[in-house]
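Worksheet for the structure shown next.
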Amino acid sequence: MKIDILTLFPESFAPFRESIISRAQKAGTIEINFINIRDFSNDKHKKCDDAPFGGGAGMLMSVQPVYDAVKSVLTEKSKVIFPTPAGKIYNSEKARELASEQHLIFICGHYEGIDERLIQLFNAEELTIGDYVLTGGEIPTMVIVDSLLRFVPGVLKQESLSEESFTNGLLEYPQYTRPQVFNGLAVPNVLLSGNHAEIYKWREQASKQKTIRNRPDLLKGDENDEN
Ligand code: 4GS
């Protein structure tokens, strides 16, 4: 899989680069590139923002540099993603879906967003990581790329995938490590029993309890699922 990340701030990916690149390299099949949108600006001052028609607060990203930056990496195999609070909810199901693509192009928005025609022209998928407004599309892009890479074959050990939160529609069960008693709190006895059938039953039950407590919405089935 190839991932091209188009951004006005490639340096903001520095901490992410370290960890993500090394994990990606383990898989051997992933290539991640960072492309500076400003390099594509035809403006003599490399300007990359412009005022919105119709007025209103703030600026939009200029159409030309974003368009040319996407064009520079676009092929028939590409899927373009635009993280925005106006998108569909991103979740682990979407992560799995994106992980099966050959080429992803992320447009990191800045200012108030991008011209709607860019979304149309590239058939960009608009995705949101949650109902809050960030200062740029870099963090949502990091979130999406980091979380989808785990579904690319070879990146993670299979077991770590099958037991984690959301895989079975429930939150992950509580986990414990040494010591057996910490600050007066003991590890549940069943986990020390060596009885794998009992441990499995306990974990399933504990998963359900945690889901009811923290995320009752996950148990409601599909009728509220708009995605
Ligand atoms: C999100 C979000 C976001 C919106 C980008 C304001 C800069 C910012 N992107 N999920 N302009 N939440 N984007 O807040 O995806």
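Along the sequence shown, the residues carry numbers beginning at 1. Ligands are counted one by one from 1 in listed order, and the atoms in each one are counted from 1 as well. Here the structure is a predicted model, which is why all the values come from computation and not from measurement.
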Connected hydrophobic set around Ile199, excluding itself, where side chains approach under 4.5 Å: Tyr176, Val187, Val190, Leu191, Leu192, Trp202
Ile129 N/O to ligand 1 N/O under 3.5 Å: yes
Ligand 1 contact on Thr84 by region, counting heavy-atom pairs under 4.0 Å: backbone
Smallest separation among heavy atoms of Gly169 and Leu218, with atom names: O-CB, 4.0 Å
Note, Ile5 side chain near Cys108 side chain (heavy atom, < 4.5 Å): yes
Numbering as shown, the atoms of ligand 1 that approach Gly136 to under 4.0 Å (heavy-atom distance): 5 (C), 7 (C)
Nitrogen or oxygen of Gly130 less than 3.5 angstrom from that of ligand 1: yes
Close aromatic pair by centroid cut-off 6.0 Å: Phe40 and Tyr67: no
Distance from atom 13 (N) of ligand 1 to nearest protein heavy atom, with residue and atom: Pro85 CD, 3.6 Å
Side-chain donor or acceptor of Thr128 paired with backbone N/O of Ala86 under 3.5 Å: no
Non-hydrogen atom of Gly137 closer than 4.0 Å to ligand 1: yes
For ligand 1, the portion of Pro140 having any non-hydrogen atom under 4.0 Å away: side chain
Any N or O of His110 closer than 3.5 Å to N or O of ligand 1: no
For Arg178, side chain to side chain donor-acceptor pair (under 3.5 Å) partners two or more places apart: none
Test item: Phe16 and Val145 side chains (from C-beta on) under 4.5 Å apart, heavy atoms: yes
Leu127: numbered ligand 1 atoms lying under 4.0 Å from its heavy atoms: 15 (O)
Subset of ligand 1 atoms that lie under 4.0 Å from at least one heavy atom of Tyr132: 12 (N), 14 (O)
N or O pair under 3.5 Å between Leu134 and ligand 1: yes
Smallest separation among heavy atoms of Cys48 and Arg38, with atom names: SG-CA, 3.7 Å
Tyr111: numbered ligand 1 atoms lying under 4.0 Å from its heavy atoms: 6 (C), 7 (C), 11 (N)
Short N or O distance, Thr135 and ligand 1, threshold 3.5 Å exclusive: no
Short side-chain donor-acceptor distance under 3.5 Å, Glu126 and Thr84: no
Numbered atoms and elements of ligand 1 in range of Thr128, under 4.0 angstrom, heavy atoms: 2 (C), 10 (N), 12 (N), 15 (O)
